[in-house]
Amino acid sequence: MSVVEQYARAHIVTDEDPQDPGAVPVILRYDPEDDPRSVRVDLPGTDEWTFSRDLLEQGLRTPAESGDVRVWPLGRVQAVVEFHSDHGTSVVQFESKALLRFLRRTYMATPVAG
């Protein structure tokens, strides 16, 4: 089993800076040795967020949430991941195909437990 790391371009909107700086690089990471049920998203200049891989998958089809993380489809080609913390809210808009490609790679790295 190997670590899956993928760079994606995303638009980030925060409570602190509502202006869109354009697309920024975001790191998507999956480490089956560390936690085969979780994925991580590393946003520029902020902490890394860890949440359920199932939440990401479900949120690409229909709105889903768990704790401080919400995921939902935005039209046919985009998806939104929203992170809530004591410092505010970060809304990250991805192309759905980047997230789907990442999820496919995670499932190839480790089989789904049945």
Side-chain angles (χ1 to χ4, degrees):
M1 293 189 284
S2 60
V3 173
V4 174
E5 189 170 276
Q6 177 176 312
Y7 291 84
R9 307 267 316 145
H11 290 270
I12 300 174
V13 179
T14 66
D15 289 345
E16 298 163 0
D17 183 10
Q19 295 198 5
D20 184 357
V24 296
V26 173
I27 301 171
L28 306 171
R29 185 171 169 83
Y30 173 73
D31 186 347
E33 294 291 325
D34 183 41
D35 184 355
R37 293 186 176 98
S38 296
V39 294
R40 292 185 291 196
V41 176
D42 186 8
L43 304 175
T46 65
D47 294 330
E48 187 174 75
W49 287 85
T50 302
F51 58 97
S52 164
R53 178 171 63 170
D54 290 341
L55 174 66
L56 181 59
E57 184 175 6
Q58 181 183 357
L60 291 173
R61 294 186 308 271
T62 185
E65 68 178 273
S66 178
D68 295 332
V69 180
R70 294 180 180 94
V71 184
W72 68 90
L74 183 62
R76 298 172 113 169
V77 297
Q78 295 180 328
V80 173
V81 183
E82 185 177 276
F83 302 102
H84 295 263
S85 72
D86 294 340
H87 304 292
T89 302
S90 293
V91 179
V92 186
Q93 188 175 328
F94 290 92
E95 287 190 18
S96 296
K97 66 181 177 182
L99 297 176
L100 287 167
R101 184 173 41 249
F102 172 68
L103 282 171
R104 271 195 301 272
R105 292 179 64 209
T106 70
Y107 286 113
M108 289 179 2
T110 182
V112 179

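All values below were derived from every heavy atom in this structure, side-chain atoms included, with hydrogens, water molecules and symmetry-related copies excluded.
To the nearest 0.5 Å, atom OG1 of residue T50 and atom CG of residue D35 are 8.0 Å apart. Taking CG of L55 as the reference point, atom OG of S38 lies at 10.0 Å (rounded to 0.5 Å). The distance from atom OG1 of T106 to atom CZ of R104, rounded to the nearest 0.5 Å, is 10.5 Å. To the nearest 0.5 Å, atom CZ of residue F102 and atom CZ of residue R29 are 9.5 Å apart. Distance check, rounded to the nearest 0.5 Å: CG of L100 to CG of L60 gives 5.0 Å. With values rounded to the nearest 0.5 angstrom, E5 atom CD is found 10.0 Å from D31 atom CG.
When all heavy atoms are compared, the tightest approach of S52 to V39 is O-CG2, 4.3 Å. Heavy-atom minimum distance, P36 versus Y30: O-OH, 3.0 Å. Of all the heavy atoms in R9 and F94, the pair that sits closest is O-CD2, 4.3 Å.
The environment of Q6 atom CD is dense: over 12 non-hydrogen atoms of other residues, nucleotides or ligands sit within 6.0 angstrom.
Checking side-chain atoms of R105 against main-chain N and O of V4 turns up no donor-acceptor pair under 3.5 Å.
Proximity of S66 to D54: side-chain heavy atoms (C-beta onward) are nowhere separated by under 4.5 Å.
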Under 3.5 Å, side-chain donor or acceptor atoms of residues 71-83 against the rest of the protein: list the pairs with distances, not counting sequence neighbours.
{"from": "Q78", "atom 1": "OE1", "to": "Q93", "atom 2": "NE2", "distance (Å)": "2.6"}
{"from": "E82", "atom 1": "OE2", "to": "R70", "atom 2": "NH1", "distance (Å)": "3.4"}
{"from": "E82", "atom 1": "OE2", "to": "H84", "atom 2": "NE2", "distance (Å)": "2.5"}

